[in-house]
Each structure stands twice: as structure tokens, then as C-alpha cells.
Amino acid sequence: MTRIMDRNMTRAFLIAAALLAAAPALAQTPAAPAPAEAPASQFERDRQSILAQAGQWRVRFDMRENVSFRAGYEPLEEKLSAGDEIVRVVYDDGDRISLQHILVMGDDNGNVHIIKHWRQDWVFEPETVLTYAGPNRWTLTPVAADERRGAWAQTVWQTDDSPRYGGVGRWDYTHGVAEWSSAPTWRPLARRDAVRDPIYDRYLGANRHALTPAGWVHLQDNVKMGPSEGDDGDLAAIVQEDVINTYRAVDTYDPAPGDAYWAATKDYWSGVRAAWDAAILASGGLYLEEEANRGVVTGKPLMDWAVDVQEGRLTTEVAIAQARALIASATTDPAG
């Protein structure tokens, strides 16, 4: 695959240095051809750029560590994978848009496996954004008036709708590219790293979404961070990583199983989202224990109950009640 971005060592080092100095930042069908006439306003153009990420996609995941900043640390080999994924609009309230990703994976025996994947929520000119604050903790961070003017917050949620990271940025259309870029944001480890018990424990990186003629691309420029060597306790850059996730519109697989899952479980997941929102608002953030294999400790039960709802073993109402109780228990801060 042709690399979308080239970064040399000097650029990566400057990025790492700048990130170290910064405070934690604020966190359907194949795409139709672009309209012949430009949208009436920047706001509407932004909205259409966000909604253009909904559709039926073939996704290529490309993750590679490039530059080591720790003596003795060797960057990992490139990790490549691919999958079929639908992205559906959960809601579109004008200045608030939510997009749900659902993997539709077939095996060699003709079986189809459905996995509710990540969710991205967009808010225009947000007053706050939920940001990662270090292991097991997230916080609602105020967004200054000049920073939010004309900007969109994007919050990314894990498979069980628990939080992952949030950031603020603006859509830009120069050079013929519709592109949103965030300020650097703190992020928890992805499962691909967490299961390896690495020497780093979080990322600090910039996030970009850009439309392409074939669909869209999600770009991440991450610096993996860990405790510094010595007794000062500060965080230090370990290695820089590029992530390039490319979404290409296709009609080569049947999205119906993914849509059937979503139709059967969307009311359950609406109740789960409401429970997370209530917990976040109650304390101005969230305590939630992270777990390498599942992201967080709530991952497996919340996902399992959705399957139980789809297959008729649980009613939506009972499943939501169980989810509320689990979230209330899991978000009780042991520190008080």
C-alpha cells in the first residue's frame, strides 16, 4: 500500500518533544458521489463530511512503529489486517452526529460473525470533551471559547460503549481534501499493545479523518509513552507509530447480518449509552478499570448481553437493567 504520510526521524522527534511539553489535550450504502454544488455553509459541509463516513466498507488496518526513542527498544514489525465493516448513523441531530461501526466477518465455512466495533460521536462547538486522564481514568475537560468556535469534538468509544479518547479539531478543505485534524490527545493502549505487557502504558497522538475518492481514511500519529528511566516519575517517549486505516466502499459482501444485529440490539445499546452518560455526568468523568483483552472490565458482559437480546434469551429491559447495575458498580472509584 502506498504510504499516505512520510515522516522522517527529525519530524517524529519534534512531534514527541512537542507532545511531552503539552498538557493533556481536549479530548448504509457505499458513499455517493459528491454533489455538483457546494453546500451552503461551512457547518453543513462539515456535517456532510462526517456523514460521508457512513456506508459499507472494506477496511485495511496498517499499524507500524517507526522511530525508537528508548535505547535498546526495537520498533515492532508492521501489523497489517483487513475486514468488512458497516458504519451506520445512530443519530443525526444537526450539531450532534453518532456513527456506529459493525464488523461483518465471514469465515472459510460460510459462517458470518458480527462484532460491534467502535463508535464515533461528533459535537459542534462543544463546551466540554471527555479525555483520557491516565490508567483507569477519564475526565470531562472544558473547551475554551476560542478553541471551540467552528470546531468539532470527536469522542471515540470502545466496543461496549465505554470511553476511549476525545479530541477537538476543525474540518479543512484546502488542496482539494476534506480533512479533520485533532490536537494531540491522550489515549489508552489498544488491545494489540496491551496484551503484550509493553513498557509504555498510553499514547499521545494526533488524529485525522480525510475523505478519499474511494471512501475515507483514519490516520493516527501516535507517540507511545511510558515511565522515564530514573526516579523522576515523568513520562517519556518510547516509540512513534503510524496507524493508517483505509475505508474503501464495496458491495462484495452482504451487510444484512450486521444490520440485523443492530436492529435487534440498538435499543439495548441506547440504554447502555445512557448509563455511561449518567455515570460520566455524575462525577465529571469516569473511573473504570482497564483490562488488556477487553479494553475495560465491562467489555465482555455488556457485549454478551447484546447477543442474548438478539437471540431472545434476555429482554431489552432486563439487559438494560443489568447493564446499569454493572456500570454503576464498575465506575465506583476505590479512592473515593
Side-chain angles (χ1 to χ4, degrees), residues 19 24-27 50 53 59 61 63 85 87 90 96-103 115-123 126 128-141 143 152-169 180-195 198 200-209 218-225 241 243-245 247 269 272-277 279-281 283-303 306 323 327 330-331:
L19 295 175
L26 300 181
I50 294 167
Q53 296 173 83
V59 189
F61 305 100
M63 294 154 280
E85 186 164 272
V87 181
V90 180
R96 293 175 179 267
I97 300 171
S98 180
L99 304 176
Q100 178 63 59
H101 294 237
I102 300 172
L103 289 164
I115 302 173
K116 178 178 174 290
H117 207 192
W118 61 294
R119 186 180 102 242
Q120 46 173 318
D121 287 354
W122 295 82
V123 178
T128 61
V129 63
L130 188 67
T131 61
Y132 186 59
N136 304 329
R137 296 187 183 277
W138 288 258
T139 187
L140 276 176
T141 303
V143 183
W152 290 81
Q154 184 213 43
T155 306
V156 169
W157 307 84
Q158 309 210 62
T159 57
D160 67 342
D161 284 334
S162 61
R164 182 155 173 74
Y165 62 84
V168 175
W180 177 88
S181 300
S182 77
T185 62
W186 290 105
R187 307 176 192 187
L189 293 184
R191 293 174 187 82
R192 68 180 184 274
D193 285 332
V195 295
Y200 42 79
D201 65 4
R202 71 199 74 183
Y203 312 140
L204 193 55
N207 195 32
R208 299 165 62 198
H209 287 238
H218 179 200
L219 307 167
Q220 300 175 48
D221 181 358
N222 298 324
V223 176
K224 300 182 178 183
M225 311 286 288
E241 173 195 59
V243 177
I244 304 174
N245 298 332
Y247 292 74
W269 286 116
V272 171
R273 293 195 305 272
W276 285 121
D277 289 347
I280 291 164
L281 290 173
S283 59
L286 201 69
Y287 167 86
L288 183 64
E289 185 180 348
E290 295 176 59
E291 183 181 79
N293 285 312
R294 300 285 179 178
V296 290
V297 295
T298 53
K300 187 177 189 308
L302 290 178
M303 296 287 284
I327 290 169
T331 56

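Because only heavy atoms are used, hydrogens play no part in the values below, and waters and symmetry mates are left out as well, while side chains stay in.
For Trp276, there are no ring-ring contact (aromatic ring centres under 6.0 Å, His included) partners two or more places apart in sequence or in a different chain. The side chain to side chain contact (heavy atoms under 4.5 Å, CB included) test applied to Asp201 returns Pro135, Leu235, not counting sequence neighbours. Shown here are the side chain to side chain contact (heavy atoms under 4.5 Å, CB included) partners of Ser283, two or more places apart in sequence or in another chain: there are none. With sequence neighbours left out, the ring-ring contact (aromatic ring centres under 6.0 Å, His included) criterion links His117 to no other residue. With sequence neighbours left out, the salt bridge (Lys or Arg N to Asp or Glu O under 4.0 Å) criterion links Arg191 to no other residue. Qualifying side-chain hydrogen bond (donor to acceptor under 3.5 Å, both in side chains) partners for Trp269, counting only residues two or more places apart in sequence or in other chains: Tyr261. Residues passing the side chain to side chain contact (heavy atoms under 4.5 Å, CB included) test with Ala190 are Arg164, Arg192, Tyr203, sequence neighbours excluded. The side chain to side chain contact (heavy atoms under 4.5 Å, CB included) search around Val90 returns Ser98, Gln100, Trp262, Arg273, not counting sequence neighbours. Listed by chain and number, the residues in a ring-ring contact (aromatic ring centres under 6.0 Å, His included) with Trp157 amount to none (sequence neighbours excluded). Residues forming a side-chain hydrogen bond (donor to acceptor under 3.5 Å, both in side chains) with Thr298 (at least two apart in sequence, or on another chain): Asp160. Considering only residues two or more places apart in sequence or on other chains, Arg96 meets the side-chain hydrogen bond (donor to acceptor under 3.5 Å, both in side chains) condition with none of them.
Taking OG1 from Thr159 and CG from Leu302, the interatomic distance works out to 9.0 Å, rounded to the nearest 0.5 Å.
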